[in-house]
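Data first, discussion second: the structure below is written as structure tokens.
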Amino acid sequence: NTIREPDPLPGTVGNGKKKTILSVSRLVPRKNVGTTLAAFSRLAAEFPDWSLEIVGDGPERKKLVRQAASLGIGNRVDFRREMSDPYPAYANADVFVIPSFFEGFPMTVCEAMAHGLPVVGFGTCNGVKVQVIPGETGALADGVDPAASLAAALRPILKDAEMRERMGKASNFSNQVIFRAWEDLFLEAVSVGYKPVSLTQDQILSYRLAEMVGGQPDITLPTRKSY
């Protein structure tokens, strides 16, 4: 999949006026937005020049607003309603956070990367961990203590502007990059040629189940036949 290109294409991360952690999400329990609030509350005193912006709407909105107030960060969190075009929010942000434990291949991460944002999420989320390269394009929290680990993953990125810039440049999800990746894949397929692999239905189901549960199936597939 590709996404609409930012216009203009991003240069440096953020706009230089304020430092913002951005989250774009439906406000429903499975999106785990409350963990982002809890993590930011652990960082707010240490980083007084940072704010958290949450773009999205949903049934948990009032609960999350109350949570922010109870954590003492109500004046540091900007709850935006759902936006028909969230691109201006990405363009004005410095870091993107996605706190979900379960995602397929979230397009918000692609959009954030297209805007040159470092992305921070959980390594236990299969969708996110295939998009984010820890130390290169962002960071992945271990999720053992969700709020504490997310805060720990964010901290070095908030501290270091050069790191954010480097990660942002590496987080290039522009159409040119994706088109080039597809072209490389097709060229590789042509060079390898047709080499069928025979799998039984049980092998396919076992592989897909392991992939969904663990992300990296520990299953040995049959060796490709050479022709």
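In what follows, residues are counted from 1 in the order of the sequence shown. Since the structure is predicted, the reported quantities are computational estimates derived from the model, not experimental observations.
- Residues forming a side chain to side chain donor-acceptor pair (under 3.5 Å) with Ser51 (at least two apart in sequence, or on another chain): none.
- The ring-ring contact (aromatic ring centres under 6.0 Å, His included) analysis of residues 52-74, with sequence neighbours excluded, yields no pairs.
- Applying the side chain to side chain donor-acceptor pair (under 3.5 Å) criterion to Asp57, with sequence neighbours excluded, gives Arg81.
- The side chain to side chain donor-acceptor pair (under 3.5 Å) contacts involving residues 34-48 comprise Asn32-Thr35, Glu46-Arg155, where partners must be two or more places apart or lie in separate chains.
- Of the residues Ile157, Leu117, Val119, Ile21, the one that meets the side chain to side chain contact (heavy atoms under 4.5 Å, CB included) test with Val97 is Ile21.
- Smallest separation of non-hydrogen atoms from Ala39 and Ala147: CB-O, 3.5 Å.
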What verdict does the side-chain contact (heavy atoms from CB on, under 4.5 Å) test give for Val132 and Met113, after you've listed the backbone C-alpha separation in whole Å, the side-chain angles of each residue and the deciding distance to 0.1 Å? CA-CA 9 Å; Val132 177; Met113 287 183 166; 4.3 Å; yes

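- Here Phe40 pairs with nothing under the ring pair (Phe, Tyr, Trp, His ring centres under 6.0 Å) rule; sequence neighbours left out.
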Give every donor-acceptor pair under 3.5 Å between a side-chain atom in residues 99-106 and any protein atom, sequence neighbours left out.
| unit_1 | atom_1 | unit_2 | atom_2 | d |
| --- | --- | --- | --- | --- |
| Ser100 | OG | Glu103 | OE2 | 2.8 |
| Glu103 | OE1 | Lys31 | NZ | 3.4 |
| Glu103 | OE2 | Lys31 | NZ | 2.7 |

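- Arg76 contributes a side-chain N or O that, together with a main-chain N or O of Ala44, makes up a donor-acceptor pair within less than 3.5 Å.
- Taking the side chain as every heavy atom from C-beta outward, Ile54 and Leu64 never approach each other to under 4.5 Å.
- Across all their heavy atoms, Thr137 and Ala170 have their closest contact at CG2-O, 3.6 Å.
- Put simply, the side chain of Arg26 never gets that close to the backbone of Gly56: no donor and acceptor are under 3.5 Å apart.
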side-chain contact (heavy atoms from CB on, under 4.5 Å) assessment of Val95 paired with Val120: CA-CA 8 Å; Val95 177; Val120 179; 4.2 Å; yes

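- Among residues at least two apart or in separate chains, there is no salt bridge (Lys or Arg N to Asp or Glu O under 4.0 Å) pair with a member in residues 134-148.
- Counting only distance, with no hydrogens or angles, the side chain of Asp160 and the backbone of Pro156 share no donor-acceptor pair below 3.5 Å.
- Take Arg80 and apply the salt bridge (Lys or Arg N to Asp or Glu O under 4.0 Å) test, not counting sequence neighbours, and it matches Glu53.
- Scanning both residues, Ala141 and Ser149, for their nearest heavy atoms gives CB-O, 3.4 Å.
- Placement of Ile133 and Ile98 in two distinct hydrophobic clusters is found when ILVMFWY residues are connected by side-chain heavy-atom separations under 4.5 Å, directly or transitively.
- Within the structure, ring-ring contact (aromatic ring centres under 6.0 Å, His included) pairs that include any residue of residues 138-163 do not occur (at least two apart or interchain).
- Clustering ILVMFWY residues whenever any of their side-chain heavy atoms sit less than 4.5 angstrom apart, transitively, puts Phe96 in the very cluster that holds Met83.
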Report, one line per pair, each donor and acceptor closer than 3.5 Å where one atom sits in a side chain of residues 184-191; sequence neighbours left out.
| unit_1 | atom_1 | unit_2 | atom_2 | d |
| --- | --- | --- | --- | --- |
| Ser191 | OG | Leu187 | O | 3.4 |
| Ser191 | OG | Glu188 | O | 2.7 |

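- Judged by distance alone, with hydrogens and angles left aside, the side-chain atoms of Gln67 form a donor-acceptor pair with the main-chain N or O of Gly34 at under 3.5 Å.
- With sequence neighbours excluded, the residues satisfying side chain to side chain contact (heavy atoms under 4.5 Å, CB included) with Asp49 are Lys19, Phe47.
- Across every non-hydrogen atom of Val33 and Ser25, the tightest pair is CG2-OG, 3.9 Å.
- Side chains of Leu150 and Phe122 form a contact here, defined as non-hydrogen atoms less than 4.5 Å apart.
- Residues Val24 and Glu111 are not in side-chain contact: their nearest non-hydrogen atoms beyond the backbone lie 4.5 Å or more apart.
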